[in-house]
Amino acid sequence: MAEIQALSASTPEEVEQIRIKYLSKKGAISLLMNDFRSIPADMKREVGQKLNELKNAANDRLAELRENLASNAEAAKADIDLTRTATRFPMGSRHPLSIVKNDIFQIFGAMGFTIAEGPEIEDDWHVFSSLNFPPDHPARDMQDTFFISRSPQDILLRTHTSSVQTRTMESQKPPIRIICPGRVYRNEAISARAHCFFHQVEGLYIDRNVSFADLKQCLLYFAREMFGPETKIRLRPSYFPFTEPSAEMDISCHICGGKGCAFCKGTGWVEILGCGMVDPNVLEACGIDSKEFSGYAFGMGIERITNLKYRVKDLRMFSENDVRFLHEFDAAR
Ligand code: DAH
């Protein structure tokens, strides 16, 4: 009996062999059945019962082996991995700011820009002094900048990624062609239109004979790649301490195509970034000869570009981690 219960088989052929061995006409159990006739009458009842039990056990075990083989075959067919966890992990999606940041990387990457990064906790030199900020510039005020310590040296959270310009120029020789993505901090009240942190991408190109025309062409290419081939750009004179001349760049409103709508407040243009030719004082402060080299720089807010592209109405949504909002971008990448 124990022998029968221990029987095992891994193929249908092995099951059949077991059947032949025990239950076919010449099988062990059938032979025992044949001998049954010659057993004394007073033992027939007991032996008959035992023989029947044996036969049933063999039939049951064969059925069991067949069933095991069949369910294994089915699992193999369905390619079921029985070692996998039963818990489902919902798929995440890329954050909208990462989607747009990657688009920006790709566009400038195609023009030969490489990525440079720097620390978020900075000092006065890299964020302000090296970039030609006058000592009384309002950005240095407590109203705007989060200071960590005031002495012996001002340590602060960077208010822009332009600090990475300085770090790169201090450590590399021209030609330099970089974009610098990163988080920046400003002491602003949090609302739908402002936050105490946001993200920027800074661009810097330094070489011999770099001109404003190079800057304009580079930014036109960027605008067309990002917002569509019909996009026009417009440069308005502006002021930044680290560039001279400086400009703000607008793109033709991609919602009305430049005719004027509520989005562009009827002007047909929307502002997207600041730019200019790197001020010679900045080059000199970073150890680059301003007589030999010139360059351009630009800086943009990734939230701003994302808002224009996807029309996100409230800046706070970018950092609330509401999956209903995040899943709206599943299809974007
Ligand atoms: N750093 C500027 C800001 O945070 C943005 C900017 C403007 C960067 C013009 C530049 C530039 O490199 O040339 O507002």
Side-chain angles (χ1 to χ4, degrees), residues 101 104 108 111 113 115-120 122 124-134 137-141 143-146 156-170 174 176-188 193-207 210-220 222-223 233-251 271-283 285-286 288 290 293-305 307 315:
K101 185 178 73 177
I104 297 172
F108 286 104
M111 289 189 273
F113 285 80
I115 295 167
E117 285 181 308
E120 292 178 15
E122 267 290 8
D124 175 277
W125 169 255
H126 289 97
V127 176
F128 299 128
S129 299
S130 64
L131 292 164
N132 204 31
F133 277 75
H137 194 284
R140 292 178 182 237
D141 202 297
Q143 302 295 315
D144 239 332
T145 304
F146 286 114
L156 46 95
L157 295 180
R158 66 180 177 192
T159 54
H160 56 182
T161 44
S162 306
S163 50
V164 188
Q165 278 191 27
T166 304
R167 289 192 173 274
T168 309
M169 287 192 279
E170 281 174 342
I176 293 170
R177 203 196 304 244
I178 50 162
I179 50 170
C180 322
R183 183 172 285 187
V184 301
Y185 301 83
R186 291 184 195 178
N187 190 0
E188 303 232 17
R193 317 194 82 229
H195 212 297
C196 59
F197 66 81
F198 60 101
H199 300 80
Q200 286 189 334
V201 174
E202 175 90 9
L204 176 72
Y205 176 40
I206 311 279
D207 205 343
V210 178
S211 76
F212 204 93
D214 298 321
L215 170 63
K216 196 173 169 188
Q217 190 58 35
C218 165
L219 294 178
L220 176 63
F222 165 70
I233 63 166
R234 166 173 97 165
L235 290 159
R236 284 180 288 106
S238 183
Y239 170 76
F240 299 104
F242 33 88
T243 43
E244 182 61 36
S246 305
E248 312 261 1
M249 186 174 98
D250 299 337
I251 55 164
E271 185 189 318
I272 66 162
L273 54 79
C275 60
M277 299 306 290
V278 180
D279 192 301
N281 288 346
V282 174
L283 294 175
C286 299
I288 292 176
S290 63
F293 294 102
S294 58
Y296 63 68
F298 53 86
M300 66 186 97
I302 304 181
E303 277 83 349
R304 172 107 187 118
I305 306 286
N307 283 350
L315 210 52

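Heavy atoms only: backbone and side chains are in, while hydrogens, waters and symmetry mates are out. Throughout, numbering of the chain's residues begins at 1 and tracks the sequence. Computed from a predicted model, the values in this text were never measured in an experiment. Just follow the structure's listing: the first ligand is 1, and inside any ligand the first atom is 1.
Using a 4.0 Å cut-off between a side-chain N of Lys or Arg and a carboxylate O of Asp or Glu, Asp207 and Arg177 do not qualify as a salt bridge.
Taking every non-hydrogen atom of Thr243 and a distance limit under 4.0 Å, the qualifying atoms of ligand 1 come out as 13 (O). Contact atoms of ligand 1 toward Gly276: 13 (O) (distance under 4.0 Å to a heavy atom of the residue). Under a 4.0 Å criterion applied to the non-hydrogen atoms of Ser162, ligand 1 contributes the atoms 1 (N), 8 (C). Heavy-atom contacts of Gln165 reach the following atoms of ligand 1: 12 (O) (cutoff under 4.0 Å).
Nearest to atom 14 (O) of ligand 1 by heavy atom, out of Arg186, Glu244, His160, is Arg186.
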Query raised in the report: Given the rule in the salt bridge (charged side-chain N to carboxylate O under 4.0 Å, His left out) test, do Arg304 and Glu271 qualify, once you have shown the distances and angles that lead to the verdict?
Result: CA-CA 9 Å; Arg304 172 107 187 118; Glu271 185 189 318; 5.8 Å; no
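At a heavy-atom cutoff of 4.0 Å, ligand 1 is contacted by no atom of Met300, backbone or side chain.
Taking atom 12 (O) of ligand 1 as the reference point, the nearest protein heavy-atom neighbour is Glu202 OE2, 2.4 Å. Shortest contact from atom 13 (O) of ligand 1 to any protein heavy atom: Ala297 O, 3.1 Å. Nearest to atom 5 (C) of ligand 1 among the protein's heavy atoms is Gly299 CA, 4.1 Å. When only non-hydrogen protein atoms are considered, atom 11 (C) of ligand 1 lies nearest to Phe242 CE1, 3.4 Å.
Arg193 CZ: 12 or fewer foreign heavy atoms inside a 6.0 Å radius.
In this pair, Phe240 and Phe242 present their aromatic rings parallel. The plane angle is below 30°, not in the 30 to 60° band. Between His160 and Phe133, the ring planes lie perpendicular to each other; the angle is over 60°, past the 30° to 60° tilted range.
Residue-to-ligand polar distances place Gln200 within reach of ligand 1: an N/O pair is separated by less than 3.5 Å.
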